[in-house]
Amino acid sequence: MTALSHAEPPVVRGRRRESSRHRTSRTVGLPGWFAWLLRSGTPLVSLLPAVVAVVLVQSLSPAAQRLPAGGARFALAGAWATTAPGGVVGYRHWFTTPVIGWLQLGALDRALLGGTAQSVLAAAHGVMLLLTLAGVVLLWFVLRRAGASGLAAGAASATFGVVPIAVAVHTVVGPAAVALVWLLVSALLVLGRRGPVAAVAIGASAGGAVLSDPLALAVLPALAWVLVAPAVRGPRTLRAVGGAPRSAARPAIGAGLGFAVVILVAAVVAVALAAPEPGAAARTADAIGAAAAAQTSFPVAGAASLVAWLRTDPLSLLIGVVAVILAARSRSFVPVAAVAALVALVAVWPDGADVAGPVVLLLPLLTFATALVIDRAVVALGRPRFLVSAIGSGWLMAVVALLVVASVVWIDSLGSLQTGAHQPLGRAERWIDTGVQPGQVVLVDLGLWPDVAHGARATVGWYAAAEGRPAPSSRPWSSADYLVTTGDGLSASTGAAEQTLARSLEVARFGSGSAAVEIRAVRSTALSAPSPAQSTPAERRAAAARRQTGAELATNPRLTVGGADRALLQGGDVDSRVSIVLGQLLAVHRITVGGFPAVRGDSGGVRRQVLISAIDGHPVPNDPDATGTILRYLSALRGQYSTSAIDATDAGVLATFAPDPTFVPPS
């Protein structure tokens with residue numbers, strides 16, 4: 001037997017390892033994109049409720065359907081005028097009014113208009129909803145990038161969008177919302193990984209914010225501090241994302257370059273557009289800019305925004321102030337607390353008269369502090385010592401009570417949400433389209449002007465109501481046939497506006513309260529009611545009958561009549577027989593009245609003539625059939641309603657009734 005036969009069989013090494021490979025489970029790694037989706041999607045769930053709440057609340061709130069007032073009138077009208085073809089050519093108020101903000105609002109407004117079915121005001125409210133949504137989303141990402149938890153970021157974003165004061169200011173059409181979006185973009189870039197391109201983008205977006213609304217200057221110091229001090233690393237709830245400390249000069253130079261380029265480009269565009277001779281659209285835009293500059297060109301001391309906040313939602317103001325005080329204990333939050341104090345100071349002077357602008361910029365700062373406090377509270381609740389301590393228990397009970405009260409108050413305030421299917425402005429527009437003749441001049445409040453002028457047959461001009469001084473208007477007050485006012489309207493204006501208002505009579509009114517839209521017809525002379533001592537009881541009864549029949553006739557949708565003549569009907573200056581005869585004719589036809597001429601030598605003051613210039617859209621006397629219809633009808637009148645004369649003139653058919661100052665229609 002050989003040595004090989006006595007040798008031990010060779011050991012097969014690795015068999016145990018090979019067999020264990022089948023018995024042990026292999027570690028399976030998730031795909032990178034799926035892991036990122038899980039990691040990012042879980043916090044994003046906290047953003048979705050905030051977005052849904054903002055869309056529902058701001059879309060249904062009555063505040064989102066209101067007519068512009070105050071500075072919002074200039075924002076909407078200026079946005080509409082400057083974005084018209086050639087609207088900024090010859091514009092001379094670039095540095096006294098935020099025209100860049102107007103241009104951005106107008107571009108978005110015209111993009112959303114999409115046809116005549118949607119009104120300009122509805123599109124403007126849609127623009128504000130989009131800007132609010134952009135602010136909610138950007139604020140959420142800023143909070144997350146600053147280290148806030150998903151719960152805190154979602155709660156703060158929802159607070160920013162749906163508390164009563166937020167709904168009130170986010171629905172005000174104004175450039176402050178545009179500036180806020182640019183500021184949040186800058187903050188998002190500042191808290192991100194910064195490079196030369198990002199630094200330039202930070203400066204450019206900050207420049208866009210300042211050009212949109214100069215109030216944004218108050219926020220830039222905080223952004224600059226965070227930009228040039230990336231090495232300052234605070235708690236998790238406020239720390240910039242970025243690696244090792246860098247030199248502060250490089251990002252500052254890049255941001256300054258981006259800011260300067262944006263300002264320079266805007267200045268060059270302003271000079272280029274202001275050079276040519278302005279057209280009609282540019283003259284309108286420049287007149288709006290002049291009116292805005294006249295009312296806002298000087299600093300104002302006051303607390304309009306604070307008063308509005310206290311009246312609308314004092315609870316959110318209290319919570320925000322407490323959150324800022326608690327959050328200011330963190331050294332890294334000091335810049336945000338400081339800029340909140342600076343914006344509050346600017347809100348008192350020089351922007352003391354601005355109600356919405358300062359609140360729009362303060363809201364994200366206060367909600368930022370709220371998110372920081374929420375995260376601190378969650379950390380504190382995890383410490384048993386804090387819970388068992390007297391301070392911790394008292395703090396927890398106070399926070400719970402405050403949240404319960406806030407929820408009850410806010411939910412109750414949102415109980416008045418309603419849809420805006422039949423708004424007063426839309427009804428007024430339809431009335432003007434059907435009741436005002438082409439070529440007549442309608443002067444409307446500046447806040448209503450874009451909607452009423454959009455597609456109108458009549459000549460629509462605007463006025464900007466002023467308190468204690470003459471109200472500027474795009475057309476002479478003396479040429480106005482109708483006035484369209486809201487709220488107090490022109491009651492506080494002086495000069496030609498006051499005189500025109502005194503010569504007008506209300507012919508239609510839609511809505512009630514501050515949302516009411518009133519249409520007034522302007523008479524050629526001031527109203528002068530006869531003294532009771534200078535008229536007999538029969539004449540007073542006849543005057544009351546004339547006012548009643550005239551008012552009923554003036555509201556007939558089939559009647560087309562001028563503003564001054566409609567005022568004559570409303571004022572009881574047209575003979576009741578004329579009103580009744582026209583009313584019977586209107587039961588079958590559509591009638592255009594050319595006027596109620598005064599009879600020569602008649603000193604009674606009651607108009608007993610009527611000039612019919614068209615029937616069913618056919619001009620009289622150019623159309624023989626239409627003329628024959630009117631002549632046959634007037635000739636067939638008998639008894640008290642018979643005419644004393646019928647004449648076919650170049651302007652139409654003129655019917656005259658015999659004088660009877662005491663005529664009262666039989667009941």
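Every residue was checked against the salt bridge (charged side-chain N to carboxylate O under 4.0 Å, His left out) condition with R475, not counting sequence neighbours, and none meets it. Residues satisfying the salt bridge (charged side-chain N to carboxylate O under 4.0 Å, His left out) criterion with D575, sequence neighbours excluded, are R577. In terms of the side chain to side chain donor-acceptor pair (under 3.5 Å) criterion, R457 has no residue partners (sequence neighbours excluded). Taking Q104 as the reference, W182, S212 meet the side chain to side chain donor-acceptor pair (under 3.5 Å) condition, with sequence neighbours excluded.
Between R509 atom CZ and E518 atom CD the span is 5.0 Å, to the nearest 0.5 Å.
Within the 4.5 Å cutoff, side-chain heavy atoms of I612 are placed close to those of L582. Looking at heavy atoms from C-beta onward, L483 lies in side-chain contact with L490 at the 4.5 angstrom threshold. Between P358 and L306 there is no side-chain heavy-atom pair separated by less than 4.5 Å.
Across every non-hydrogen atom of D354 and A304, the tightest pair is O-CB, 4.2 Å. For the pair H170 and F160, the tightest heavy-atom approach, listed with the atom from each and the gap, is NE2-O, 3.0 Å. Shortest non-hydrogen contact noted between A291 and A464 is CB-CB, 4.4 Å.
A salt bridge is absent between R607 and D573: the closest approach of a Lys/Arg side-chain nitrogen to an acidic carboxylate oxygen does not fall below 4.0 angstrom.
Panel note: side chain Q570, backbone E506; a donor-acceptor pair is recorded below 3.5 Å. Looking only at distances, no side-chain donor or acceptor of D616 sits under 3.5 Å from a matching main-chain atom of H618.
H454 pairs in a side chain to side chain contact (heavy atoms under 4.5 Å, CB included) with only one of the listed residues (V120, L121, V460), which is V120.
The list of salt bridge (Lys or Arg N to Asp or Glu O under 4.0 Å) pairs with a residue in residues 68-80, not counting sequence neighbours, reads R73-D445.
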Pairs under 3.5 angstrom only: tabulate donor-acceptor contacts from the side chains of residues 552-562 to other protein residues two or more places apart or in another chain.
residue : atom : partner : partner atom : Å
T555    : OG1  : A551    : O            : 3.4
T555    : OG1  : E552    : O            : 2.9
N556    : OD1  : R558    : N            : 2.9

